[in-house]
There are 2 protein chains.
Amino acid sequence: MSAASQPTFSCKMHDHQCCITAALENAEQLCLQQSKRFTNIRRRVLELVWQQHKPIGAYEVLELLQRDKRTAPPTVYRALDFLQQMGLVHRIASLNAYVGCAHPGEPHDGQFLICESCHSLAELDIPEISNAINRSAADSGFTTRRQTVEIMGLCPDCRHPG
Amino acid sequence: MSAASQPTFSCKMHDHQCCITAALENAEQLCLQQSKRFTNIRRRVLELVWQQHKPIGAYEVLELLQRDKRTAPPTVYRALDFLQQMGLVHRIASLNAYVGCAHPGEPHDGQFLICESCHSLAELDIPEISNAINRSAADSGFTTRRQTVEIMGLCPDCRHPG
DNA sequence: TTTTGAAATGTTATAATGTAACATTGTCAG
DNA sequence: CTGACAATGTTACATTATAACATTTCAAAA
């Protein structure tokens, strides 16, 4: 299940509910370990992000939350910010959207393959890439704190349709 | 002046007017070659982007344009879109902002070093990075069309102040 | 158990970024 | 000249995000 060896595109069929459950339990443990509160809203937002299982916008999350209860944007953004800080979701800058992190636990930046046809997304975490970036930055005297790597194109299924 | 060997951070002192003039002449030639119209607005927007000489938002450009003449957002966005398509400016997704391209002519994605302290920016174009990305994507069966690489951290001057 | 203070959430309003749709103007090939 | 297409003007609005302050919740200390 390593993302590096076999990334999973999010629109492909697989046991979805299993993902979600696993992600939520994982998150719960992580918060417990770090003495952070995994509140209802935070849990619910993470669940919605995983349910969508492809990049989802903050206002989409908001709309889903509002089916249960009147909610305002700051609530969603706060939850998403928290989840980001915990490394439980990633924000995809080029989409203004969020995805569940494929392997939370250790903070990492990851690399994202974004299919422009089916809008699926896969997370990579290839040391070769991040190292090459860190090295080049260092060569310019630059200190890297964070890197954003987003790759737009066609996923295998959309490349070879049928 | 290769960006790869010696990237220039945009907040550093150098002959600014020279940059701007060169960029504008360069752009004019490029448009001529490709039978595209380098209109007043397009020229003016490119000039403003280069004058700022660090990432500038669309609405900042708008404000500067409006010192001369009443202008609406679509005018700015259209000009920026055109300049992007021509490879004359890059959009920095993580900043919602634009910078002049350090070496237009051939379409390329580039990599961007963004200083979180002084907000300067330097463009790299390191084949090692883009190749590593393309290779990893290909390994996952993914066809890359475009890549976004944005590196947040501290530029040399902000790292070693004084 | 109660207090209490910090964290989390609610609420209202608004800022910042970006685009749709249609009208008008400019440019140039024929 | 003129017709047609590209570029720009204009209005209105959509989308994304945050500021500021009120209220609630929760857990630890008294």
Side-chain angles (χ1 to χ4, degrees), chain A residues 27-28 30-49 52 54-86 88-99 119 148 150, chain B residues 27-28 30-32 34-49 52 55-86 88-99 119 148 150:
Chain A
E28 182 136 36
L30 225 88
C31 288
L32 204 62
Q33 282 169 29
Q34 303 189 26
S35 304
K36 303 288 184 185
R37 291 170 54 193
F38 194 49
T39 62
N40 281 340
I41 288 177
R42 290 168 178 177
R43 168 189 294 276
R44 183 77 179 116
V45 168
L46 184 58
E47 188 180 15
L48 290 169
V49 168
Q52 182 74 6
K54 67 174 63 172
I56 184 174
Y59 275 77
E60 257 182 288
V61 173
L62 179 59
E63 202 171 275
L64 294 171
L65 282 177
Q66 284 178 332
R67 293 182 181 176
D68 296 334
K69 180 174 181 301
R70 173 181 148 79
T71 310
T75 298
V76 175
Y77 281 103
R78 281 176 196 138
L80 288 170
D81 286 351
F82 171 83
L83 295 171
Q84 257 187 283
Q85 278 173 27
M86 293 297 292
L88 293 166
V89 305
H90 293 287
R91 181 172 193 276
I92 309 301
S94 54
L95 298 178
N96 295 335
Y98 301 80
V99 287
H119 303 110
T148 296
E150 293 170 8
Chain B
E28 183 136 33
L30 224 87
C31 288
L32 205 61
Q34 303 189 26
S35 306
K36 303 288 184 185
R37 291 170 54 193
F38 194 48
T39 62
N40 281 340
I41 289 178
R42 290 168 178 177
R43 167 187 295 275
R44 182 78 179 117
V45 168
L46 183 59
E47 189 181 15
L48 290 169
V49 168
Q52 182 75 6
I56 184 175
Y59 275 77
E60 259 182 287
V61 173
L62 179 60
E63 203 169 274
L64 293 170
L65 282 177
Q66 284 178 332
R67 292 183 182 175
D68 296 334
K69 179 173 182 301
R70 174 180 148 79
T71 309
T75 298
V76 175
Y77 281 103
R78 287 195 284 236
L80 288 171
D81 286 350
F82 171 82
L83 295 171
Q84 257 187 283
Q85 280 173 26
M86 292 298 291
L88 294 166
V89 305
H90 292 287
R91 182 172 191 276
I92 309 301
S94 54
L95 299 177
N96 295 336
Y98 301 81
V99 288
H119 304 109
T148 296
E150 294 169 8

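By convention in this document, chain letters (A, B, ...) are assigned in the order of the sequence lines, proteins followed by strands, and residues within each chain are numbered from 1.
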Which pairs would a plain distance check flag for residues 56-73 of chain B, meaning a side-chain donor or acceptor within less than 3.5 Å of a matching protein atom at least two apart in sequence or in another chain?
residue, atom, partner, partner atom, Å
B:E60, OE1, B:G57, N, 3.2
B:Q66, NE2, B:T71, O, 2.6
B:D68, OD2, B:R44, NE, 3.4
B:D68, OD2, B:R44, NH2, 3.4
B:T71, OG1, B:K69, O, 2.8

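With rounding to whole Å, A:Q34 atom CD is found 17 Å from C:dA7 atom C1'. Atom NZ in B:K36 sits about 16 Å away from atom P in D:dC5, given to the nearest Å. One can place CZ of A:R91 at 12 Å from C1' of D:dT15, the figure rounded to the nearest angstrom. Straight-line distance from the CG atom of B:L62 to the P atom of D:dT10: 13 Å, rounded to whole Å. Between the CZ atom of A:R44 and the C1' atom of C:dT9 there is a distance of 17 Å, rounded to whole Å. The interatomic distance linking A:E63 (CD) with D:dA17 (P) rounds to 15 Å, in whole Å. To the nearest angstrom, P of C:dA8 lies 13 Å from CZ of A:F38.
Using a 4.5 Å heavy-atom cutoff, the side chains of A:D81 and A:Q84 are in contact. A:R91 is not listed as a side-chain neighbour of A:V99, based on a closest heavy-atom distance of 4.5 Å or more.
Nearest-nucleotide assignment on DNA chain D puts the 5′-proximal partner with A:E60, out of A:E60 and A:R37. Comparing A:L95 and B:Y59 along DNA chain D, the residue whose closest nucleotide (by nearest heavy atom) sits nearer the 5' end is B:Y59. Taking for each of B:A58 and A:T39 the nucleotide of DNA chain C with the nearest heavy atom, the 5'-most of the two is the partner of A:T39.
Side-chain proximity of B:N96 to C:dT17, D:dT8, D:dA17: nearest is C:dT17. Set against D:dG9, D:dA17, D:dA7, the side chain of B:I41 has D:dG9 as its closest nucleotide.
Of the residues in residues 64-83 of chain B, those placing a heavy atom less than 4.0 Å from an atom of DNA chain D are B:K69, B:R70, B:A72, B:P74, B:T75, B:R78, in numerical order.
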Residues A:M86, A:F38; criterion side-chain contact (heavy atoms from CB on, under 4.5 Å); working and verdict:
CA-CA 10 Å; A:M86 293 297 292; A:F38 194 49; over 6 Å; no
Could you please spell out the steps behind the side-chain contact (heavy atoms from CB on, under 4.5 Å) verdict for B:V45 and B:T75?
CA-CA 10 Å; B:V45 168; B:T75 298; over 6 Å; no
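Side chain of B:E150 to main chain of B:A93: a donor-acceptor pair is present (N/O by atom type, distance under 3.5 Å, no hydrogens or angles).
Of the inter-residue distances, the one linking A:H90 atom NE2 with A:T148 atom OG1 reads 11.0 Å to the nearest 0.5 angstrom.
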